[in-house]
Amino acid sequence: MSKPEGVEISSVDGMNNERIADAFDEVADLLEFTGSNPFRVRAYRNAGRNIRGLPQSLRDAVDRGEDLTQIEGIGDDLAGKIVSLATSGRLEMLEELRARIPEGVMALLRIPGVGPKKAALLFKELGIRSLDELKTACEQGRVRELKGFGKKTEEGILKGIDVAAQANQRMFWSEADEIAHALRLHMRACSPMEQLEFAGSYRRGKETVGDLDMLVVSSDIAAVMDRFAAFPGISTVIGRGETKMSVRLDSGLQIDLRVVPRESYGAALQYFTGSKEHNVIVRGMAKQAGMKINEYGVFRVEGERETYVAGASEAEVYATLGLPLFPPEMREARQEFDWARQGELPRLIELADLRGDLHMHTTATDGAASIEQMVAAARQRGLEYIAITDHSQRVSMARGLDATRVLAQWTEIDRIRRDLDESFVLLKGIECDILEKGGMDLPDDVLAQADWVLASVHYGQRQSRSEITERILGALDNPYVTAIAHPTGRLLNQREPYEVDLEAVFQRAKERGKILELNANPHRLDLNDLHCATARQLGIPIVISTDAHSVNGLDVMRYGILQARRAGLTREDVINTRPWSELRKFLRRP
DNA sequence: GCCGTTTTCGGCCCGACTGTTTTCAGTCG
């Protein structure tokens, strides 16, 4: 259970914005469980979200004695809590909450149909502290005796415990995309259907998707629901009402269907695309303007009377508030409303803007295709240049290249270049490891001969914060390194990021004029959207790369583009939208 | 707990569905 150091959130050294935001999120979860005022809970969540989006370090701001209440969503109270976290690494309130609520109890909230109220009752009345204990209580029929519970609730909980056990695993966007595609085809057999679109976090392009939301316009609701119920892989129908139906697939993925009238389609699409936080602001604005927005439309409110104003398209819903049609990826209540106010909505990057791919492997190390095959595949995809960046020798499992082999590969690249016409550029690159004790895996005089040098960490990922940060800062100091690949090392649902101090990395990258990678592999997506947004605010260029290990690996670029769009990146922020001739001048090589 | 061209208190987005209730609370998105 709670370790002796459990009360200490982190060493002061490790208190960056991310950890402060984590502390506030945890407070919000725990407060919600205690049945605290929901708006108070929201205040902590808002603060956490805003802190994650800040480009500057809160720790530095505290050191300089800056007024933290200038930050959106931070008042006197939370400012004090930030100071406490930044200077001592502790938050008394959080420690008290943790002491009051056992860790396992929070897992109860992951059961579908169990929220803070029911979970609190289970804990208080039956002393349940974990999913296992709850399972036993259900089997003994003790849960149905509680006030507000019954036989059906007990059965539902028993079923839901398995869901909860795996519920922290959100599906990769790329997997959700495949299911959405299959479902769209399946629904096509339904004749009276006018429109079908997927909303929710899937439409916003989030890196992982918790469930799918499907929106349909049709005059025959029953036919749509019947067809939906026949989708292969459905394990249970969770509910079916007059306009709404929910199912769960064998894989655990929940899919919600809403059928709406034509005049409400845009309002419903806007509503179900979210995010929740974005919609809270939109609805607040409507209210101030004497209107009301729900999933059926925009209504002018005059006393008791409500008149439909708009709702058929998303654009007209936003237009009633003088707002632009925000791309779905932007709807996270971060900066989009400020941008709209200033009339400066960034024109988000698109896949077609990319001209090159600067991270890929070949059969020389752990790739599946030859250099020529990668060149042909890249040209087929409309690219103008690529860099071959195989592993360096330290990555022995991938048969990483030593100095002799990499120089031989570059000689071969010279040979292949001679056969290429001028419309395509093949670059000599390397993904050079940053060694555990610091320093690069290949000598400078070798790196100096490359067109493009990626530096990355593959070993010693569990080093302390200061060790791993120093390694990466050292790589940024190397004059031949052009970019840091997958800078945090995280693998979604699988591996936490390194303990690296990204604020320090951003600072050094800016000073040295280096580039940071957004790795487009759907399991990596590293840097994440918030990191990329911060890089943009600091003026650090981003390179979006596939890290392809095969010809088909080049196709993951679109996942990277979605992530970049969520970060608000434009083509100007991304270095490989430029032609190589221009990019080359940008690189500061000695 | 935050916030203010309805300002320092009283708001804070809105509706569908379910289960356990007899008119509604809890959960979800």
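Chain A is the first sequence line, chain B the second, and so forth, proteins listed ahead of strands; every chain is numbered from 1.
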Distance, [atom1] atom - from [M] to [N], rounded to whole angstrom:
N: B/dA16; M: B/dG11; atom1: C1'; answer: 25 Å
N: B/dG26; M: B/dT21; atom1: P; answer: 13 Å
N: B/dG1; M: B/dT8; atom1: C1'; answer: 14 Å
N: B/dC12; M: B/dT20; atom1: C1'; answer: 30 Å

Base versus backbone protein contacts along nucleotides 24-29 of chain B [heavy-atom cut-off under 4.0 Å; B, S, -]: --SSSB
Check every strand shown and say whether [X] touches a base, only sugar-phosphate, or nothing at a heavy-atom separation below 4.0 Å.
X: A/I281; answer: nothing
X: A/D77; answer: sugar-phosphate
X: A/S246; answer: nothing

Ring pair (Phe, Tyr, Trp, His ring centres under 6.0 Å) partners of residues 220-243 of chain A, not counting sequence neighbours, each pair once: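 Of all non-adjacent pairs touching residues 220-243 of chain A, those that pass ring pair (Phe, Tyr, Trp, His ring centres under 6.0 Å) are A/H186-A/F231.
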Residue pairs involving residues 107-137 of chain A (criterion ring pair (Phe, Tyr, Trp, His ring centres under 6.0 Å); sequence neighbours excluded): none
Range-with-range stems for DNA chain B, at least three Watson-Crick or G-U pairs under 3.5 Å: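 In DNA chain B, stems of three or more pairs: B:1-4 with B:9-12, B:14-19 with B:24-29.
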Any residue meeting side chain to side chain donor-acceptor pair (under 3.5 Å) with A/R45, in chain and number order, not counting sequence neighbours: A/D29, A/E32
Side chain to side chain donor-acceptor pair (under 3.5 Å) against A/E125, all qualifying residues, sequence neighbours excluded: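 Listed in chain order: nothing, the list is empty.
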Modelled atom types, side-chain donor and acceptor of A/Q254 and A/D256, under 3.5 Å: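 On atom types as modelled, these side chains qualify, holding a pair under 3.5 Å.
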